[in-house]
Amino acid sequence: MAYKQFILVCAGTGCESSKADEIHRNLKTEAEKHGLNNDVQIIKTGCFGFCEAGPIVKVLPEESFYVYVKPEDAKDIISEHILKGREVSRLLYKGDGEKKDSMSVENIQFYQKQVRVALRNCGFIDPANINEYIARDGYKGLEKVLLEWTDEQVIEEVKISGMRGRGGAGFPTWMKWDFARKAVSNAPGGPKYVICNADEGDPGAFMDRSIIEGDPHSVIEGMITAGKAIGSHNGIVYIRAEYPLAVNRLYFALNQAREYGLLGKNILNSGFDFDIEVRLGAGAFVCGEETGLIKSVEGVRGMPVPRPPFPANKGLWGVPTIINNVETLVNIPAITARGGSWLAQMGTEKSKGSKVFALTGKVNHSGLVEVPMGTTLREIIFEIGGGIKNGKKFKGVQTGGPSGGILTESFLDTPIDFETLTANGSMMGSGGMIVMDEDDCVVDVARFYMDFCVDESCGKCSPCRIGTTQLLSILEKICNGNGEEEDLDKLQHISKAMMKASLCALGQTAPNPIMSTIKMFRNEYLDHIHDKKCKAGKCKKLARFTIDSGKCIGCGVCAKKCPADCIIAEDAAKFPDKKKPPYRIEQEKCLKCGECIAACKFNAVLKG
């Protein structure tokens, strides 16, 4: 059927939580009411990336980009835009400081410097329709892999691309595959396994989940290709049960692929068999580490084991196994369809291709961002991300989640790649990027990440089990105003020991936020220790709330909201020029809850 117009509704987790499903239903109801079923196709897609502006609705071919859409807006979109050809101006994205009534997607600043490879289909296709994936060159590369290329040729093409694992370590993908291809399985029948690691658990990271929600067939095609390359007929997707939308869309896509003969026996009449099963994880961060993941799949407690042997030689059930994360695998169909040299044109000398980042925190335009390797932090944060919220001053950016460090303003023009980030005390990680402003406390941030690592440590090795607990205890001591300068030496000493002695990457990299913040913000630690002061006001026991008597008009709203009854009026005789006396806070009673700041409309309550 030839439709005249298409309405794409972002239906990733973020927009679904803001009633995208209801928006979609309302659009279909309104279209049916006006007899437009044969003229307009209304589709639920994956994430558009521009999460800050969601829910998003896009109308083609006009490229109208509607933001912050509500279910009740469906009526106007159909009656005004579709029936009368008039864009709904109040819903159109205007841009920062733009006077235009509308702008096409390619002119939106958020998208201008992005190059979509892993996200190429997200927001463009219906993830529940395999035909739409095929129409955008889906399974085109697999046809060559199964019918034209040898296993060695597949690996060579991946080698030419320069593709490195996007899960964090950045190990060359072709090399891992080649190790597994050459490895001999000792088990009966000689099985090997391909595992997709979709156990995304970094705070602030949502790349892999969004890709599965918006483009599950790319993951499937990437896994089949990997299976052909190493001689495996068995695939497993290890995904968190707490990602129900991604899980459901993955199951649906797997069934479609089987119906089309793209999974199972004799795929495309090539003689090659491959099938995929799904294993649901319980949400343990340590199971993102490949040996811990393997143990979880085997049905035992997910704890890392020493390496070597590496999984490529002895992995799941003791047989050769390769583990790649979602973003790595979805790059594979693009490489096989367009050629490895196509991807190798992007990026830097040692870090080829593009990288997806989850840009969050104190930035105007949060969301999923995909840029060529070598793009600078300044371009991502201030151009794509639109700068810091509320005109605040940029303080730092945390890359790599709880395993990464914080980079300051002096690193904004540093090209982003695996080597550069590591050299500067951070890491690529899976792609989390959390922006901080002047109101954030780096000591509190380091404490937060260490608290996370204490909870997520499996406890198997003492350097991590004891080390994370000791580090957290010292950080809490400093945040509570009881720190000593010697504590900074203790933090660094324990951190270095953990980095050397921990069994897996969780313990080895957990100290990164501490090491980088002490290096970059030592004076902020000393403020906590010597002055017993948290300038950002984040450390509750060091926070101090005061009232500026010059700004206070004596309305008493803050006193009414105070749960501790610690805000009282000053002596009126001391302020003869005021109609009403200002208020003050009795510090010994203050709970530091912040209700007074929220209640005051005159910015008279100060926190410091």
Side-chain angles (χ1 to χ4, degrees), residues 165-171 175-176 179-180 183 193 195 197-203 205 238 240 279 281-325 400-405 418 422 425-430 432 446 449-475 490-516:
R166 298 298 195 250
F171 192 79
M175 193 175 293
K176 181 184 287 190
F179 286 151
Y193 287 93
I195 298 179
N197 181 356
D199 188 66
E200 186 174 49
D202 290 16
Y238 184 84
R240 293 189 167 212
R279 295 291 182 91
F285 181 65
V286 74
C287 288
E289 194 277 337
E290 57 182 15
T291 61
L293 185 156
I294 285 171
K295 289 300 175 185
S296 179
V297 173
E298 290 177 343
V300 298
R301 184 177 176 184
M303 294 192 294
V305 297
R307 297 175 298 177
F310 292 94
N313 291 304
K314 188 177 181 181
L316 184 65
W317 312 119
V319 303
T321 304
I322 60 167
I323 303 176
N324 292 124
N325 84 320
S403 304
F418 289 102
T422 302
S426 190
M427 63 186 298
M428 184 79 72
S430 59
Y449 281 120
M450 193 50 58
D451 187 42
F452 175 85
C453 290
V454 167
D455 283 344
E456 296 296 339
S457 173
C458 73
K460 182 174 184 177
C461 74
S462 56
C464 179
R465 182 182 68 250
I466 299 172
T468 54
T469 304
Q470 290 297 313
L471 290 175
L472 178 61
S473 177
I474 295 171
L475 288 170
K490 292 178 183 177
L491 286 172
Q492 294 178 93
H493 179 75
I494 297 171
S495 293
K496 289 175 182 177
M498 284 179 61
M499 289 173 165
K500 289 182 179 180
S502 294
L503 177 60
C504 80
L506 191 155
Q508 292 163 9
T509 60
N512 279 342
I514 294 174
M515 296 293 282
S516 67

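Worth saying up front: this structure is predicted, and the values here are computed from it rather than measured.
- Residues meeting the ring pair (Phe, Tyr, Trp, His ring centres under 6.0 Å) test with Phe285, sequence neighbours left out: Phe452.
- In this structure, Ala510 and Met498 approach most closely via the heavy-atom pair CB-CE, 4.3 Å.
- Side chains of Met428 and Arg166 form no contact here, defined as non-hydrogen atoms less than 4.5 Å apart.
- Counting only distance, with no hydrogens or angles, the side chain of Ser516 and the backbone of Pro513 share a donor-acceptor pair below 3.5 Å.
- The minimum heavy-atom distance between Pro309 and Arg307, with the atom names listed, is O-CG, 3.9 Å.
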Using distance only, find each side-chain donor-acceptor pair of residues 467-475 under 3.5 Å and give its atom names and separation, not counting sequence neighbours.
from, atom 1, to, atom 2, distance (Å)
Thr468, OG1, Cys464, O, 2.7
Thr469, OG1, Arg465, O, 3.0

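- Rounding to the nearest 0.5 Å gives a distance of 10.0 Å between CD of Glu298 and CG of Leu293.
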*Should Val286 and Glu456 be marked as a side chain to side chain contact (heavy atoms under 4.5 Å, CB included) after you check the CA-CA gap, both sets of side-chain angles, and the distance that decides it?*
CA-CA 6 Å; Val286 74; Glu456 296 296 339; 5.9 Å; no
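- In this structure, SG on Cys287 lies 12.0 Å from NZ on Lys295, to the nearest 0.5 angstrom.
- To the nearest 0.5 Å, the span separating CD on Glu290 from CG on Asp199 amounts to 13.0 Å.
- Taking CD of Gln508 as the start and OG of Ser495 as the end, the distance is 13.5 Å to the nearest 0.5 Å.
- Within a 6.0 Å sphere centred on NZ of Lys460, heavy atoms belonging to other residues, nucleotides or ligands number more than 12.
- The two residues Cys458 and Arg301 come nearest to each other via the heavy atoms O-NH2, 2.8 Å.
- Checked against Thr291 for a side-chain contact (heavy atoms from CB on, under 4.5 Å), the options Ser296, Pro304, Cys504 give a single hit: Pro304.
- In this structure, Ala183 and Ala312 approach most closely via the heavy-atom pair CB-O, 3.5 Å.
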*Test side chain to side chain contact (heavy atoms under 4.5 Å, CB included) on Met515 and Gln492 and set out the steps.*
CA-CA 7 Å; Met515 296 293 282; Gln492 294 178 93; 4.1 Å; yes
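- In this structure, Phe179 CZ and Phe171 CZ are separated by 5.0 Å, a value rounded to the nearest 0.5 Å.
- Residues Leu506 and Ser403 are not in side-chain contact: their nearest non-hydrogen atoms beyond the backbone lie 4.5 Å or more apart.
- A donor-acceptor pair under 3.5 Å links the side-chain atoms of Lys176 to the main chain of Ile323, judged by distance alone.
- When all heavy atoms of Ile514 and Ala446 are compared, the closest pair comes out as CG1-CB, 4.2 Å.
- Interatomic distance, Met175 CE to Ile322 CD1, rounded to the nearest 0.5 Å: 14.0 Å.
- Asn325 places no side-chain N or O within donor-acceptor distance of the main-chain N or O of Gly165, the cut-off being under 3.5 Å.
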